[in-house]
*Asks:* 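Could you have a look at this structure, given as structure tokens, before my questions?
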Amino acid sequence: MSPAPRRIPVFVVLPAHTLLLDVAGPIEVLRKANQLQSEVAFDVRFVGALPEVTSSIGLRLSGIEPLPEHVPDGAMVVLSGDTDALLGAERLEHMEAHRAGSDHVVDWLRTAIRPGMRLVSICSGALLAARAGLLDGKACTTHFTDCALLAELAPAARVLDNRLYVEDGERYSSAGITAGIDLMLHIVGQLTSPATTAAVARYLVVYLRRAGTDPQLSPWLEGRNHIHPAIHRVQDAITADPARDWSLDNLAEIAITSPRHLSRLFNDHAAMSLPDYINRLRVALAQQLLTETRLDMEHIAERTGFASSRQLRRAWGRINTTPPSAARRGDTVSVRPARGATGYNT
């Protein structure tokens, strides 16, 4: 008998005029994660100051539970963004009720959020967290149209306006609406496994997450804009363990094809060679370690599948126009566009 899953309570806070995609996208990530693995179960509840709200597209949402008096330890609280312009309406009516609902949520956040909880802000949901004082001293982001307002509401926070999502301790925040999916994929990866994240992303036709520190298309997404199932199987396997010593024969077994045919297929569909793809993911992983740890280059090379720091630096230079020291400082790393190549040459 398999052990019972670790259960994580998830409270999704719905404001009076919820941006529907802020809820549907990230929570669909959790729903699929529950289906694909059994180690962690996300128990989702929808709560708010009002029992019924109107979404951004005019769809009414009902059956919303009251804001709970007590939030259990280890819970995740997700704050959806809202809007003042609904589909089919010039401006909102009953703005006083709208503001009162937001004030209620802010008051609740001040008392409900404790250490040991994840607070996840999707899009303009960060404004509610800011009003509650929960972003003070933290790095954060929101939709680019609200960054100035976020900085005004949370002057003690460090607002980043060029990030898909930001993690600072137990505070998570995402930029534009669909970036909430990227952020939730990141969280699922932390709580489950990279393989689960890759499977969920592929189901959502995202294929794989973008990195929160990268405002542009990242190597995790490059080469995935195709529909060939064998190539996606190979890419999923590499993504789950980029540092592994992958051979063409190993990957051909995953693709259920010959090594020579796999090389041709990969070049045709991913627009780059297999070694290029593997190295781009390894360099992306090295960039993450440079940003998030104090490991030296030798240890990073070892953890990312390179034989030495010299080999890592060579691969880095072929892919990035800025040096590894830029990632260590937290600066934006400029990436060269992927170029097609042929052959499986190490």
Side-chain angles (χ1 to χ4, degrees), residues 10-35 42-68 76-109 112 119-132 140-150 152-153 161 164-165 172-185 187 200-201 203-206 210:
V10 180
F11 296 88
V12 184
V13 181
L14 303 181
H17 302 103
T18 298
L19 278 165
L20 193 58
L21 196 55
D22 281 5
V23 178
I27 304 309
E28 184 66 13
V29 171
L30 299 184
R31 183 189 75 85
K32 196 62 181 178
N34 280 346
Q35 291 182 339
F42 298 97
D43 296 331
V44 179
R45 296 167 59 183
F46 298 95
V47 302
L50 303 171
E52 183 176 290
V53 301
T54 303
S55 73
S56 53
I57 62 171
L59 182 67
R60 300 286 291 178
L61 305 175
S62 60
I64 300 168
E65 299 178 43
L67 296 167
M76 183 191 311
V77 175
V78 181
L79 301 177
S80 165
D82 65 354
T83 181
D84 61 357
L86 302 181
L87 181 65
E90 289 297 321
R91 297 291 294 177
L92 293 174
E93 299 178 359
H94 313 300
M95 284 302 294
E96 288 186 7
H98 180 222
R99 294 191 187 96
S102 295
D103 291 344
H104 188 183
V105 170
V106 170
D107 291 341
W108 175 79
L109 286 170
L119 180 62
V120 181
S121 304
I122 309 298
C123 196
S124 61
L127 303 180
L128 295 173
R131 288 176 56 194
C140 56
T141 194
T142 187
H143 192 275
F144 68 92
T145 60
D146 288 320
C147 280
L149 179 56
L150 180 60
E152 180 182 328
L153 292 173
D161 61 2
L164 289 169
Y165 59 83
Y172 299 77
S173 53
S174 74
I177 298 164
T178 57
I181 296 175
D182 297 295
L183 173 56
M184 197 58 75
L185 285 169
I187 294 171
V200 173
Y203 167 78
L204 293 174
V205 201
V206 175
R210 293 172 285 181

*Asks:* Would a 4.5 Å heavy-atom cut-off, applied to side chains only, mark Leu61 and Phe46 as touching?
*Replies:*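 Side-chain contact under 4.5 Å: no.
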*Asks:* Check the pair Ile181, Val29 against side chain to side chain contact (heavy atoms under 4.5 Å, CB included), reporting the backbone distance first and the verdict last.
*Replies:* CA-CA 7 Å; Ile181 296 175; Val29 171; 4.0 Å; yes
*Asks:* What's the shortest heavy-atom distance between Val47 and Pro68, and which atoms?
*Replies:*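 Smallest heavy-atom distance, with atoms named: CG1-CD, 4.1 Å.
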*Asks:* Do any N or O atoms from the side chain of Ser173 and from the backbone of Thr141 form a donor-acceptor pair under 3.5 angstrom?
*Replies:*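 Pair found, side chain donor or acceptor close to backbone of Thr141.
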*Asks:* Which heavy atom in Ser62 sits nearest to a heavy atom in Glu52, and how many Å separate them?
*Replies:*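 Looking at all heavy atoms of both residues, the closest pair is CB-OE1, 3.6 Å.
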*Asks:* Where do Val78 and Ile122 come nearest, in terms of heavy atoms and distance?
*Replies:*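 It is CG1-CG1, 3.9 Å.
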*Asks:* Do the side chains of Thr178 and Leu21 get nearer than 4.5 Å, heavy atoms only?
*Replies:*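 In short, these two side chains touch, coming nearer than 4.5 Å.
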*Asks:* How far apart are the C-alpha atoms of Leu79 and Leu109, what are their side-chain angles, what is the distance that settles it, and do they pass the side chain to side chain contact (heavy atoms under 4.5 Å, CB included) test?
*Replies:* CA-CA 10 Å; Leu79 301 177; Leu109 286 170; 3.9 Å; yes
*Asks:* Can you tell if the side chain of Leu14 reaches within under 4.5 Å of the side chain of Val12, non-hydrogen atoms only?
*Replies:*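 Heavy-atom side-chain distance check passes, below 4.5 Å.
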*Asks:* Calculate, to the nearest 0.5 Å, the distance between atoms CD1 and CG belonging to Ile187 and Leu30 respectively.
*Replies:*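 CG of Leu30 is found 8.0 Å from CD1 of Ile187.
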*Asks:* To the nearest 0.5 Å, what is the distance between OG on Ser55 and CG on Asp82?
*Replies:*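 So the OG of Ser55 and the CG of Asp82 are separated by 12.0 Å.
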*Asks:* So which atom in Val13 and which in Pro15 form the shortest heavy-atom distance, rounded to 0.1 Å?
*Replies:*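 Shortest heavy-atom separation between Val13 and Pro15 comes out as O-CD, 3.4 Å.
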*Asks:* Taking Cys123's backbone N and O only, do any of them form a donor-acceptor pair with Ser174's side chain (distance below 3.5 Å, no angle check)?
*Replies:*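 Yes, the answer is positive, given that a donor and an acceptor are paired below the 3.5 Å cut-off.
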*Asks:* How many angstroms lie between CG in Asp161 and OG1 in Thr142, if you round to the nearest 0.5 Å?
*Replies:*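 The CG atom of Asp161 sits 11.5 Å away from the OG1 atom of Thr142.
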*Asks:* Calculate, to the nearest 0.5 Å, the distance between atoms CE and CG belonging to Met76 and Asp43 respectively.
*Replies:*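 Answer for the CE-CG pair, Met76 versus Asp43, is 11.0 Å.
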*Asks:* If every non-hydrogen atom of Ala130 is compared with every non-hydrogen atom of Leu150, which pair is closest and at what distance?
*Replies:*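 For Ala130 and Leu150, the tightest heavy-atom pair comes out as CB-CD1, 3.6 Å.
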*Asks:* Is the shortest side-chain heavy-atom distance between Val200 and Gln35 below 4.5 Å?
*Replies:*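 Sidechains of Gln35 and Val200: no contact.
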*Asks:* Kindly say whether Gly81 contributes a backbone atom to a donor-acceptor pair with the side chain of Asp22 at under 3.5 angstrom?
*Replies:*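 Answer holds: yes.
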*Asks:* To the nearest 0.5 Å, tell me how far Ser124 OG sits from His143 NE2.
*Replies:*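 Reported to 0.5 Å precision, the distance equals 8.5 Å.
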*Asks:* If we only count heavy atoms from C-beta on, is the Val77 to Trp108 side-chain gap below 4.5 Å?
*Replies:*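 Counting from C-beta outward, Val77 and Trp108 do come under 4.5 Å.
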*Asks:* Hey, could you give me the SG/CG distance between Cys147 and Leu127, rounded to the nearest 0.5 Å?
*Replies:*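 These two atoms lie 9.5 Å from each other.
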*Asks:* Any side-chain heavy atom of Leu204 within less than 4.5 Å of one from Lys32?
*Replies:*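 Counting from C-beta outward, Leu204 and Lys32 never come under 4.5 Å.
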*Asks:* Between Val53 and Ala16, which heavy-atom pair has the shortest distance, and what is it?
*Replies:*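 It is CB-O, 3.3 Å.
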*Asks:* Check whether any side-chain heavy atom of Phe11 lies under 4.5 Å from a side-chain heavy atom of Glu65, and answer yes or no.
*Replies:*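 No, every pair of side-chain atoms sits at 4.5 Å or beyond.
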